[in-house]
Protein chains: 2
Amino acid sequence: MFHGRPYSHILERLRGAGLRPTRQRLALAKILFENGDRHISAEQLHTEALHAGIRVSLATVYNALHQFTTAGLLREIVVDSGRSYFDTNISVHHHFFHERSGYLEDIPGEIMIGNLPEAPAGTAITRVDVIVRVAA
Amino acid sequence: MFHGRPYSHILERLRGAGLRPTRQRLALAKILFENGDRHISAEQLHTEALHAGIRVSLATVYNALHQFTTAGLLREIVVDSGRSYFDTNISVHHHFFHERSGYLEDIPGEIMIGNLPEAPAGTAITRVDVIVRVAA
DNA sequence: TTCACTGCAAATGATTTGCAAAGCA
DNA sequence: TGCTTTGCAAATCATTTGCAGTGAA
């Protein structure tokens with residue numbers, strides 16, 4: 001979208017995460033991070049990459065998604081058994097899940113959670129997920 | 001556990017759900033509903049059934065779990081991609097998910113959720129899931 | 001008898017893995 | 001050059017399906 005401002009910011013992002021900026025990682029990161037907030041599956045990302053003329057294998061897409069997730073650039077969301085979504089919005093927020101279509105959508109605004117009990121002994125909370133399931 | 005009170009209540013439960021009380025459905029329901037609140041996977045239930053001396057195929061276990069879920073006797077919980085848990089507690093409640101072990105546990109007490117926005121146009125909320133992920 | 005239910009084995013679909021070839025530092 | 005990363009195809013894992021045989025009403 002921005003001519004004359006190629007990959008530098010994405011390049012930084014990958015480098016900052018300790019990931020070598022290979023051709024395929026750069027291209028995938030571009031699709032992921034230059035199109036606003038997205039909820040995307042591995043298969044979808046692979047398809048988009050091929051459409052964009054990027055030669056990349058599905059295995060590499062899986063690798064990249066997991067590496068990005070581990071590096072904190074993505075967040076994995078599980079709502080539906082047998083399919084993972086990756087969210088490019090890594091800030092604290094929650095989701096609407098459309099049960100019929102499998103469509104995942106950010107919940108606008110902030111949700112307040114009260115009365116949350118302490119984590120079981122010897123554990124600490126790593127994340128709280130709220131999934132509001134909706135149907136037509 | 002209760003001698004002299006064999007399957008009558010379970011039988012009723014299945015009949016009430018419009019499910020023919022076959023030998024395998026009765027046996028599986030017995031394992032599921034006579035041991036308090038449980039979070040169980042298909043594979044686990046199958047193993048337990050075999051241990052209890054019940055000849056039942058894994059396919060039938062899957063069928064039964066889905067039929068029970070559709071009938072409202074169970075609730076399916078997805079926390080972990082690639083594995084489904086079924087919860088015998090169908091009242092409104094939420095879960096701790098132990099990320100390392102995959103263990104799922106009820107959150108005691110009630111969680112208050114405020115500021116929940118309206119469901120997207122044309123949809124209605126079917127359920128709200130709160131999953132508190134914890135790690136050691 | 002009839003139609004639902006079950007078991008088996010094969011099919012499916014998402015994800016992972018092994019390993020040789022190719023690519024970045 | 002040396003260590004990563006990639007691609008491919010095969011392997012895996014949970015789950016589903018097709019279909020012939022079995023069982024409940």
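Scope of the values below: all heavy atoms of this structure, side chains included, with no hydrogens, waters or symmetry mates. Chain letters run A, B, ... following the sequence lines, proteins first, then strands; residues in each count from 1.
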Checklist outcome for this item: Of A:Y85 and B:R25, the one whose closest nucleotide on DNA chain C sits nearer the 5' end is B:R25

Rounded to whole angstroms, how far apart are [atom1] on [X] and [atom2] on [N]?
{"X": "A:H46", "N": "C:dT16", "atom1": "NE2", "atom2": "C1'", "result": "15 Å"}
{"X": "A:L50", "N": "D:dG7", "atom1": "CG", "atom2": "P", "result": "10 Å"}
{"X": "A:Q44", "N": "C:dT15", "atom1": "CD", "atom2": "C1'", "result": "16 Å"}
{"X": "B:L14", "N": "D:dA25", "atom1": "CG", "atom2": "P", "result": "11 Å"}
{"X": "A:R83", "N": "C:dG13", "atom1": "CZ", "atom2": "C1'", "result": "9 Å"}
{"X": "A:I40", "N": "C:dT15", "atom1": "CD1", "atom2": "P", "result": "13 Å"}
{"X": "B:E43", "N": "D:dT15", "atom1": "CD", "atom2": "P", "result": "8 Å"}
{"X": "B:L19", "N": "D:dA24", "atom1": "CG", "atom2": "P", "result": "15 Å"}

Item to check | same_hphob_cluster(B:L32, B:L73) at 4.5 Å side-chain heavy-atom cutoff | outcome: yes

Checklist entry - Would A:V130 end up clustered with B:V79 when hydrophobic side chains under 4.5 Å apart are linked, directly or stepwise? => result no

Next on the checklist: For B:H95 and B:D106, which I'm curious about, is there any donor-acceptor pair between the side chains at under 3.5 Å?
Outcome noted: yes

Closest non-hydrogen atom pair, [X] against [Y]:
{"X": "A:I31", "Y": "A:I54", "answer": "CD1-CD1, 4.1 Å"}
{"X": "A:E48", "Y": "A:R38", "answer": "OE2-NH2, 2.7 Å"}
{"X": "A:F96", "Y": "A:P108", "answer": "CE1-CD, 4.2 Å"}

Item to check | Residue met sooner reading DNA chain D from 5', once A:G18 and B:R15 are mapped to nucleotides | outcome: A:G18

Next on the checklist: Please compare B:G82 and A:R20 by the position of their nearest nucleotide in DNA chain D and report the one closer to 5'.
Outcome noted: A:R20

Item to check | Side-chain N,O (A:Y62) to OP1/OP2 (C:dT15) below 4.0 Å | outcome: yes

Checklist entry - Does OP1 or OP2 of D:dA14 have a side-chain N or O of B:S84 closer than 4.0 Å? => result no

Could you run down the sub-3.5 Å N/O contacts of the protein with nucleotides 7-10 of chain C?
from: C:dG7; atom 1: OP1; to: B:Q24; atom 2: NE2; distance (Å): 3.1
from: C:dG7; atom 1: OP1; to: B:R55; atom 2: O; distance (Å): 3.1
from: C:dG7; atom 1: OP2; to: B:S57; atom 2: N; distance (Å): 3.0
from: C:dG7; atom 1: OP2; to: B:S57; atom 2: OG; distance (Å): 3.2
from: C:dG7; atom 1: OP2; to: B:T60; atom 2: OG1; distance (Å): 2.5

Next on the checklist: Among residues 64-77 of chain B, which ones have heavy-atom contacts with DNA chain D below 4.0 Å?
Outcome noted: B:H66

Checklist entry - Atom CG in B:L104, atom CZ in B:R83: separation rounded to 0.5 Å? => result 11.5 Å

Checklist entry - Say you draw a straight line from CD1 of A:I40 to CD1 of A:I77; how long is it, rounded to the nearest 0.5 Å? => result 12.5 Å

Checklist entry - Partners of B:T88 by side chain to side chain donor-acceptor pair (under 3.5 Å), sequence neighbours excluded? => result none

